[in-house]
Novice: 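Below is a structure I'd like to ask you about.
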2 protein chains.
Amino acid sequence: MSLRHGLLGLLAEGPASGYDLARRFQEMLGAIYPAQHPKIYAELGRLSSEGLIAVESEGPRRRKAYRITDAGLAEIKAWLVEGEVDHTVRLQPLLRSVFFWLMEPDDLRRHLTEEQRFYAERAARCEAYAAARGSGDSPSVQSLRVTTEAAVRLYGALADWAEWARTVPPAGDR
Amino acid sequence: MSLRHGLLGLLAEGPASGYDLARRFQEMLGAIYPAQHPKIYAELGRLSSEGLIAVESEGPRRRKAYRITDAGLAEIKAWLVEGEVDHTVRLQPLLRSVFFWLMEPDDLRRHLTEEQRFYAERAARCEAYAAARGSGDSPSVQSLRVTTEAAVRLYGALADWAEWARTVPPAGDR
DNA sequence: AAGCGCATGTAAAGGGTTACATGATTGC
DNA sequence: GCAATCATGTAACCCTTTACATGCGCTT
């Protein structure tokens, strides 16, 4: 249950609506922690009923902007320090790689080329995203750059791996 | 639904029981694709009723060993070539990093030190696991080494990132 | 007035974890 | 005989995604 704290954290930067938060989760956090709008609206409802966030304003098109409350700020800060870190990783592409020996060499090469392209593109996108808010110096932007750096390294590592895997196994083993 | 194909893939190496598969998922795939036994037994039941695997033998303690059928082998091979690759990544530690600016510098340093230690240890474990089956040359072992390489690179990248993040932001920003 | 993007939700289904439950065999 | 480990399963719960549904407001 970290979406809860993810929303609190984003709201700590300033008020936002469910729609805003969904968009940010999609374009900025989609690469590291995707979340869809139904989950977000549901969680916002729960957070609000618990007093961790509150409706700040109602706008056109029945837009509801939430702001974080003192209790909410205390909650996210406590979570960051005391909460258990969940190190779970679940990557289908790596599971697939366990079974590469079942693939025809040609298919495998194609697959790895495509994977490499995909990861390189993601890494580039994350880098571009970071560059876009280049000079911003607020604490939250600085944190975001740290996150982006992680994403770039992560996807870079996977891209390099895919390239390595494509060339290293001496063509057609099996 | 990739657990299904994960099980088929492991059974392609040879017959195994649910217990065996659960153990392998825990010790070898736990770092990249964890799965618990209830899910595994349930999926084995489904695969079996669909004729993709079959009970090979019943042993002591009502152990049931499954083997993959021709249909099952065809299914996993088709999946590897035609199946959509799911590139979803969901890493709580990276979500946390978006909110580093909400932490006290001391707490953050402690956190990053612990993270670095954790990832370095995981990388080392994966490396050790690969070294343990060092000389094996069968196709499936070779694939496993490719997977392990990915895991080592991945966790290595995260360890490096944590170390970098700890030192780079000039001590106490905010 | 038509169409797009904003904005919020509900419902159903799928995927996964945790806790509970049970029993057989082996080694001490 | 006792404990540990092998071995399988069920039930309840939680989390997440996909599909469905609706309506407002702005632009052309």
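Order of the sequence lines sets the chain letters (A, B, ...), proteins ahead of strands, with each chain counted from 1. In this text, all values refer to a predicted model and were calculated from it rather than measured experimentally.
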Novice: Are A/Gln36 and D/dT17 close enough that a side-chain N or O sits under 4.0 Å from OP1 or OP2?
Specialist: yes
Novice: Can you check the B/Lys39 NZ to C/dT18 C1' distance for me, whole Å?
Specialist: 15 Å
Novice: I want to verify a distance call: between D/dT5, D/dT16, D/dT8, whose nearest atom is closest to the B/Arg61 side chain?
Specialist: D/dT5
Novice: When you get a sec, tell me which of D/dG25, C/dG9, D/dT18 is the closest nucleotide to the side chain of A/Pro60?
Specialist: D/dG25
Novice: Starting at OH of A/Tyr19 and ending at P of D/dG25, how long is that distance when rounded to a whole Å?
Specialist: 15 Å
Novice: For the pair made of CZ in B/Arg46 and P in C/dG14, what is the distance, rounded to whole Å?
Specialist: 10 Å
Novice: I want to verify a distance call: between C/dG16, D/dT17, D/dA7, whose nearest atom is closest to the A/Arg90 side chain?
Specialist: C/dG16
Novice: For A/Pro38 and for B/Lys64, locate the closest nucleotide of DNA chain D by heavy-atom distance; then report the residue assigned to the nucleotide nearer the 5' terminus.
Specialist: B/Lys64
Novice: Tell me whether the guanidinium CZ or amine NZ of B/Arg153 lies under 6.0 angstrom from the six-membered ring centre of A/Trp164 and within 45° of its axis.
Specialist: yes
Novice: Taking CD1 from B/Ile40 and P from D/dA7, how many angstroms apart are they, rounded to a whole number?
Specialist: 14 Å
Novice: Are A/Arg24 and A/Glu13 close enough for a salt bridge, meaning some N to O gap below 4.0 Å?
Specialist: yes
Novice: Do the side-chain N or O atoms of B/Arg63 get closer than 4.0 angstrom to the phosphate oxygens (OP1, OP2) of D/dC6?
Specialist: no
Novice: Check every atom of D/dT17, D/dG9, C/dA7 against the side chain of A/Arg62 and return the nucleotide holding the closest atom.
Specialist: C/dA7
Novice: To the nearest angstrom, how far is A/Arg23 atom CZ from C/dA7 atom P?
Specialist: 8 Å
Novice: Report yes if the side chains of A/Trp101 and B/Leu144 come closer than 4.5 Å at any heavy-atom pair, otherwise no.
Specialist: no
Novice: So does B/Glu27 have more than 12 non-hydrogen atoms from other groups sitting under 6.0 Å from CD?
Specialist: yes
Novice: Ring centroid separation for A/His87 and B/Tyr119, is it under 6.0 angstrom?
Specialist: yes
Novice: Between B/Tyr41 (OH) and C/dT17 (P), how many Å, whole number?
Specialist: 15 Å
Novice: How long is the line joining CG of A/Leu29 and P of D/dT16, in whole Å?
Specialist: 14 Å
Novice: Want to settle it: does A/Tyr33 or B/His37 sit nearer the 5' end of DNA chain D, counting the closest nucleotide to each?
Specialist: B/His37
Novice: If only side-chain N and O atoms of A/Ser17 are considered, is one of them under 4.0 Å from the OP1 or OP2 phosphate oxygen of C/dT8?
Specialist: yes
Novice: To the nearest angstrom, how far is A/Asp86 atom CG from D/dC15 atom P?
Specialist: 12 Å
